[in-house]
Number of protein chains: 2
Amino acid sequence: MLSIGDLSKRTGVKVPTIRYYEQMGLISEPDRSEGNQRRYTRTDLERLAFIRHGRDLGLTIDAIKELISLSQHPDRPCVGADRIAKEHLDDVRTKIAQLKRLEHELERIVSHCDGHSIEDCYVIRALSDHGLCDGEH
Amino acid sequence: MLSIGDLSKRTGVKVPTIRYYEQMGLISEPDRSEGNQRRYTRTDLERLAFIRHGRDLGLTIDAIKELISLSQHPDRPCVGADRIAKEHLDDVRTKIAQLKRLEHELERIVSHCDGHSIEDCYVIRALSDHGLCDGEH
DNA sequence: TCCAATACCTCTAGTCTCTAGAGCAATATA
DNA sequence: TATATTGCTCTAGAGACTAGAGGTATTGGA
């Protein structure tokens, strides 16, 4: 039986976050010690590692909830799970593209600045005047 | 003189967001009509466009505040503004790198899935078992 | 000129995913 | 056994808005 601190150390999920996940219904309420402290099993550990992993990949709490519920019906086809992952992959790709445009824009802004007075500062001017931008964002 | 709605239409910043920016001290309190409605000038319009642009580029409210305060001292050297932009560029690059690792991981996960039962679903298995990952994330 | 539609006002509370702190209780270690 | 550490609940805060309630101004058309 693991305490919440043990679970935290093993999964890298902070203690208050574990309690938060419980509150959100991502993990079930664990048994308690005589003194009302949470006691976790190996199953809880695996579940939490699953959640952690999903969060690291940027999945939302709701997406993870859905995956958990899917995984509890092992006989169903896995298209649901695949769909969630695919949608997320699309999101990630969109975000990368956006950030790259941003990077480009910022590079231009930064490299134009020569450290003289604010009056001539390209950073400030570029922000004031959208027309100085290359693409749209 | 522009109403808050006009300002919103011209800048693409939603009305409640404009009021929020006022509350946060990003824009100064405008004059009011006889009936207590906000009335904006061309200067306010420019300021808001500046903020909008900064937010589009992903700058935080605090960073924008700092830039505004810098821009109000036109005699000072512009290294401060340049520093803010550079720091942000670093952030953006870090985030792109992270997302690319993620993309890679998700691609692997998705492409392994053959649509059969959940029991064999690679999405679920990959999330359960970090050992199936390529890199660290 | 009057009326209805639209826009505006303030204030409060909610979003999402945690994180921090207060004040107290249980457990582990020396 | 004394003390240090960990745990408990509850509330509030972060950032950057967004939504809704309940009421007031302004605007455009008949």
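Hydrogens, waters and symmetry mates play no part in the numbers below; they use all other heavy atoms, side chains included. Protein chains get the first letters and strands the later ones, always in sequence-line order, with residue 1 at the start of each. Quick caveat: nothing in here was measured; it's all calculated off a predicted structure.
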A/K65 side chain to A/M24 backbone, donor-acceptor under 3.5 Å: yes
Contacts of A/R19 that satisfy side-chain hydrogen bond (donor to acceptor under 3.5 Å, both in side chains) - sequence neighbours left out: none
Close side-chain approach of A/L67 to A/F50, heavy-atom, < 4.5 Å: yes
Span of DNA chain D in contact with chain A (heavy atoms, under 4.0 Å): D/dG7 to D/dT9
Side-chain donor or acceptor of B/R52 paired with backbone N/O of B/G12 under 3.5 Å: yes
Protein-nucleotide distance (A/D31, atom CG; C/dA26, atom P), rounded to Å: 18 Å
Closest approach of A/L26 to A/R47 (non-hydrogen atoms, all atoms of both residues): O-NH1, 2.9 Å
Partners meeting side-chain contact (heavy atoms from CB on, under 4.5 Å) with A/D90 (sequence neighbours left out): none
Please list, one pair per line, the donor and acceptor atoms closer than 3.5 Å that link side chains of residues 2-9 of chain B to other protein atoms, with sequence neighbours excluded.
unit_1, atom_1, unit_2, atom_2, d
B/S3, OG, B/G5, N, 3.3
B/S3, OG, B/D6, N, 3.2
B/S3, OG, B/D6, OD2, 3.2
B/D6, OD2, B/S3, N, 3.1
B/S8, OG, B/V13, O, 2.8

All pairs passing salt bridge (charged side-chain N to carboxylate O under 4.0 Å, His left out) where residues 27-45 of chain B contributes a residue, at least two apart: B/E22-B/R38
Nucleic acid footprint by protein, nucleotides 7-17 of chain C - heavy-atom cut-off 4.0 Å, B for base, S for sugar-phosphate alone: -SSB------B
